[in-house]
Amino acid sequence: MAVTIQGDWSVKVTLKNAAFDQRFIVSGSIVSDGVYPGTIGTRIQAGGANWMIRIQNRASASNPWVDSDMRLGPETPSGISVIRVVESNDQGADQDFDDLVLELRKKQNPIISIVQRPFAIDPRSLIMNPDGIFYGGGSAQVMAVRVRNTWTRTMPADQALDISNLGRLQLAAAGIQVVDAWTARELESFGQTMLGPTRMPVIGPLAVGEERTVYFKLDCSAAHASAPEVEFIARRSVPEPDLDDPARLARRKIFVTKVGYDPATREVTARTPEGILRLQLKQISLDPHRYNEMRDCIRGALKAGGPRGAQARELRIRAERLLRDLRAGRCDPACCGS
């Protein structure tokens with residue numbers, strides 16, 4: 001006899017406890033009709049309005065295939081989806097319905113969506129880099145990721161977002177390493193909580209359709225100009241049975257520019273996947289009113305002494321060095337940003 005299934009499901013052989021040969025047959029599906037071996041681990045995708053599974057057995061290769069008795073279990077929550085179990089009993093003497101067992105896992109639409117391109121933030125100023133571009137050769141930068149709950153129910157309090165193993169490899173290929181270590185002060189600055197050994201930022205609880213921004217630290221010191229596609233995965237702190245479900249995944253590109261300075265030509269170069277942009281300082285305009293304000297502020301701090309005076313001295317040294325470089329036509333970003 002056969003059982004009838006509605007909708008899209010993943011079918012997997014999870015148990016075979018029989019001496020007889022086993023197989024299952026799918027019919028009436030959209031694209032998956034066929035005969036499949038009753039070998040543990042066999043997996044197919046099947047779907048349709050009404051399609052059928054039939055389990056068969058035979059005593060030996062010289063015997064014909066005959067239908068097994070079957071029973072279909074109810075839908076049971078499991079991970080992000082639901083499962084149903086198809087149990088069968090062959091023509092042997094026992095009646096244990098474990099001769100061939102199939103697990104049906106309902107196919108899910110993606111449960112998360114990355115609603116915009118992840119963008120780069122300077123961890124010191126908490127200001128977004130221009131156009132959210134990551135700078136190759138720079139120090140640690142923070143990647144901001146805006147995620148939306150596209151699941152059918154509210155995400156629990158321990159729901160987190162991680163960069164998948166594939167996503168980490170994609171970043172590594174671009175010369176970028178994920179930094180999982182966060183200080184308590186950094187977490188407070190970004191207002192986020194982390195879970196698990198890879199320090200996943202928590203996104204739950206999150207109602208259906210709601211969005212939240214979470215942050216990842218990236219070491220971009222060896223990054224080169226590229227546009228890697230980063231894969232993210234929705235995970236929890238507890239073990240889950242369906243971490244391989246593609247409905248947990250979402251992917252978005254980031255853009256990395258390699259910025260450098262050529263002292264021979266006094267040019268700033270910005271290397272992108274599309275080409276190289278060269279900039280050379282020809283002229284600079286300085287607001288005298290703002291300059292006088294800054295000068296007076298530094299002088300006042302120097303007179304005050306103490307920690308404020310020490311900071312003022314450092315600021316005066318950096319400002320004088322910057323002005324000297326600009327007057328000489330040098331505009332090395334590494335020096336200007338230090």
Handout entry: Validation row: Val86, Phe24 side chains within 4.5 angstrom (heavy atoms)
Key = no
Handout entry: Salt-bridge present (Asp162, Arg168; N to O < 4.0 Å)
Key = yes
Exercise for the section: For the pair Ser221 (side chain) and Asp219 (backbone), establish whether a donor and an acceptor sit closer than 3.5 Å, ignoring hydrogens and angles. Expected result: no
Practice task
Answer whether the closest heavy-atom distance between the side chains of Leu249 and Pro110 falls below 4.5 Å.
Solution key: no
Practice task
Spell out, as yes or no, whether a donor-acceptor pair under 3.5 Å connects the side chain of Lys217 to the backbone of Ala181.
Solution key: yes
Handout entry: Within-4.5 Å side-chain heavy-atom neighbours: Leu171 and Leu218
Key = yes
Problem - Pair Arg54-Ser27, side-chain donor/acceptor within less than 3.5 Å - result: no
Problem - Side chain to side chain, Gln6 and Thr4, heavy atoms closer than 4.5 Å - result: yes
Problem - Aromatic ring proximity Tyr215/Trp182, centre distance under 6.0 Å - result: no
Problem - Considering all heavy atoms, the nearest Ser78-Asp242 contact - result: O-OD2, 3.6 Å
Practice task
Ignoring hydrogens and angles, tell me if any N or O in the side chain of Asp131 forms a donor-acceptor pair with the backbone of Ile133 under 3.5 Å.
Solution key: no
Practice task
Considering non-hydrogen atoms only, spot the tightest contact between Ile233 and Leu243 and give its length.
Solution key: CD1-O, 3.8 Å
Practice task
Check for a donor-acceptor pair, side chain of Arg84 on one end and backbone N or O of Gly73 on the other, with a separation under 3.5 Å.
Solution key: yes
Handout entry: Pairwise side-chain contact, Asp99 with Asp94, heavy-atom cut-off 4.5 Å (strictly under)
Key = yes
Handout entry: Any donor-acceptor N/O pair, Gln141 side chain to Tyr135 backbone, under 3.5 Å
Key = yes
Handout entry: Sidechain-backbone polar pair: Thr42 side chain, Gly38 backbone, donor-acceptor under 3.5 Å
Key = no
Problem - Short N-O contact, Arg278 and Asp262, less than 4.0 angstrom - result: no
Practice task
Report yes or no: do Asn57 and Gln91 form a side-chain donor-acceptor pair below 3.5 Å?
Solution key: yes
Practice task
Give a yes or no on whether Asn109 atom CG has more than 12 heavy-atom contacts from other residues, nucleotides or ligands under 6.0 Å away.
Solution key: no
Problem - Side-chain touch Asp69/Phe97, heavy atoms, less than 4.5 angstrom - result: yes
Problem - 4.5 Å side-chain heavy-atom contact, Phe255 and Thr272 - result: no
Practice task
Return yes if some donor-acceptor pair links the side-chain N/O of Gln159 with the main-chain N/O of Arg235 below 3.5 Å, else return no.
Solution key: yes
Problem - Pairs meeting criterion salt bridge (charged side-chain N to carboxylate O under 4.0 Å, His left out) with involvement of residues 12-25, two or more places apart - result: Asp21-Arg58
Problem - Ionic contact status for Arg248 with Glu240, cut-off 4.0 Å - result: yes
Handout entry: From CA spacing to verdict: side chain to side chain donor-acceptor pair (under 3.5 Å), Asp90, Gln22
Key = CA-CA 9 Å; Asp90 61 22; Gln22 307 285 328; 3.1 Å; yes
Practice task
Give a yes or no on whether the backbone of Arg105 and the side-chain of Ser10 come within a donor-acceptor separation of less than 3.5 Å.
Solution key: no
Problem - Trace of the side chain to side chain contact (heavy atoms under 4.5 Å, CB included) decision for Ile203 with Asn149 - result: CA-CA 9 Å; Ile203 60 176; Asn149 178 5; over 6 Å; no
Problem - Side chain to side chain, Trp151 and Gln108, heavy atoms closer than 4.5 Å - result: yes
Practice task
Provide the closest heavy-atom pair for Ile25 versus Gln56 in the form atom of the first, atom of the second, distance.
Solution key: CD1-OE1, 3.4 Å
Problem - Shortest non-hydrogen separation from Thr150 to Ser113 and the atoms involved - result: CG2-CB, 3.7 Å
Handout entry: Asn17: partners by side chain to side chain donor-acceptor pair (under 3.5 Å), with sequence neighbours left out
Key = Asp98
Practice task
Flag yes if Val101 and Ile83 sit in one hydrophobic cluster, no otherwise; membership is Ile, Leu, Val, Met, Phe, Trp, Tyr, and two members link when side-chain heavy atoms are under 4.5 Å apart.
Solution key: no
Handout entry: Short side-chain to backbone donor-acceptor contact, Asp33 and Gly28, under 3.5 Å
Key = yes
Exercise for the section: Examine Ile55 and Val3 and state if one hydrophobic cluster contains both, with Ile, Leu, Val, Met, Phe, Trp and Tyr joined whenever side-chain heavy atoms are less than 4.5 Å apart. Expected result: yes
Fill in the blank from the handout: Closest heavy-atom pair, Gly47 versus Asp8, reported as atoms and distance to 0.1 Å, is CA-OD1, 3.2 Å
Exercise for the section: Using the test side chain to side chain donor-acceptor pair (under 3.5 Å), find all partners of Arg290 that sit at least two apart in sequence or belong to another chain. Expected result: Glu293
Exercise for the section: Work out which heavy atom in Pro201 is nearest to a heavy atom in Met194; give both atom names and the distance. Expected result: CA-SD, 3.7 Å
